[in-house]
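Here is the structure we will look at, set down as structure tokens.
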Amino acid sequence: MRIQLVRRGTNLDRVGGFNDAVVLDAIRRSEQLSRVELAEATGLSGQAISNIVRRLLDAGLVREAGRLRGAGLGKPRTLLELEPTGQYAVGVHLDPSVVTVVLLDLTGEVVARRPVDQYADDPGLLIDGIAKTIEEVIAASGAPRDRVTGVGIAAPGPIDVERGVVVDPPNLSTWHLVPLRDELSARTGLPIVLDKDVTAAASAEKWAGQGGSFVFFYLGTGVGAGLVIGDEVVRGSSSNVGEIGHVIVDPDGPLCYCGRRGCVGEASQPRYLVEQAVRAGVLAEGIDLDDRLAVEAAFASMCAQAGGPGAARDILTTLADRIAKVVEDIANLLDLERVVFGGPHWEQLAPVLHDRVRTALEGRFLLAAVHPFEVTGTSLGADVGAIGAASLILDRMFSPNPSLVPELAAER
Ligand SMILES: [Zn+2]
């Protein structure tokens with residue numbers, strides 16, 4: 001069962017912005033609410049709710065959605081819901097293999113998406129491409145440009161959140177201390193928020209309704225863990241939480257760029273799995289392991305063969321056991337109730353990994369006696385990073401300090 005926590009408002013006038021966000025958040029969580037229910041949910045007075053709802057209606061952030069006739073003789077209650085076109089947020093997922101841009105409406109629905117066409121190693125050219133794609137996505141959606149609140153970027157770690165800098169992402173060898181936030185802000189004129197890819201993905205899951213305490217296990221170019229504990233996204237002391245890629249799961253495994261052998265990030269890469277499959281005779285020899293597209297095609301073939309028994313399945317089963325051990329340690333350390341898998345490689349690995357990880361964790365999990373531990377895959381597909389990046393912007397609209405919402409800021 002998921003408990004949706006509704007924030008309580010305060011009846012002091014001087015914190016109007018806080019209350020606006022509280023009311024907006026209560027409407028979002030319940031989808032539709034009447035003014036009376038809003039007062040009950042938030043603890044605000046009927047008069048305060050009336051004023052706030054008027055402001056939100058005028059700002060175009062909520063709309064009336066029909067009437068609800070109660071059991072008594074009182075007058076019917078007007079239901080309120082979010083106005084999807086009230087605000088929009090852009091999400092950018094910077095992945096070493098593909099950069100994706102999405103536009104979300106106020107309810108968190110994806111209204112447009114597009115990959116960045118020209119993938120350039122040069123940071124400046126790539127940022128140009130991202131800025132151009134952002135404008136294309138906004139234009140394709142038909143959203144008025146002035147209703148776009150900001151851009152969230154999900155980037156591989158490590159990142160320097162305070163300065164908006166991508167420090168040294170793996171597999172982007174030309175990227176070193178790139179001031180992505182300011183560069184993109186200069187090109188788009190929009191407020192930009194930078195966060196880690198795994199943290200953005202965890203935020204997206206939270207938005208999609210995953211509550212409680214869970215780890216988002218990201219399988220992409222490297223692996224990482226996003227954390228939500230007690231309904232809150234956890235960022236750590238420098239927003240670089242979740243660097244689990246160098247946990248050693250196989251001391252005789254592949255050499256990692258960190259200099260050691262058998263790190264879980266390296267052991268999960270298609271390149272290494274394909275190499276093993278060739279050695280086991282599952283795939284024909286002669287695959288160029290430095291050719292990303294060739295490796296992807298071979299990886300797809302291997303995953304398809306893993307549907308039945310044989311060496312391909314054994315390779316992925318071994319991988320699942322290794323990942324299960326890492327998940328088990330994170331879950332035990334933090335007393336979690338769920339792992340959500342996702343990232344670019346998840347969909348292909350899921351048919352084997354999902355059940356095998358669940359089986360591996362059954363009985364081994366320390367807390368099995370206290371509460372169950374759930375193994376799930378993301379419901380948001382391969383765009384989870386980009387959706388999460390946009391949700392970082394939307395999150396601010398529904399948080400107590402919605403300084404990114406001009407309409408609300410102006411009211412104060
Ligand atoms: Zn390593």
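Order of listing sets the numbers, starting from 1, for every ligand and every atom in it.
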- prompt: Looking at Tyr88, does the NZ or CZ of Arg147 lie under 6.0 angstrom from its six-membered ring centre and within 45 degrees of the ring axis?
  reply: no
query: Do NZ/NE/NH1/NH2 and the carboxylate oxygens of Arg187 and Asp128 come within less than 4.0 Å?
result: yes
task: For Ser50, enumerate each residue passing the side chain to side chain donor-acceptor pair (under 3.5 Å) test, keeping only those at least two apart in sequence or located in another chain.
output: none
- prompt: Counting distance only, does the side-chain N/O of Arg260 pair as donor-acceptor with the main-chain N or O of Cys256 below 3.5 Å?
  reply: no
Tally of protein N, O or S atoms, where distance to the Zn ion (ligand 1) is under 2.8 Å: 4
task: Provide the full list of ring-ring contact (aromatic ring centres under 6.0 Å, His included) pairs with a residue in residues 251-273, sequence neighbours left out, each pair given once.
output: His246-Tyr257
Pairs meeting criterion ring-ring contact (aromatic ring centres under 6.0 Å, His included) with involvement of residues 140-161, two or more places apart: none
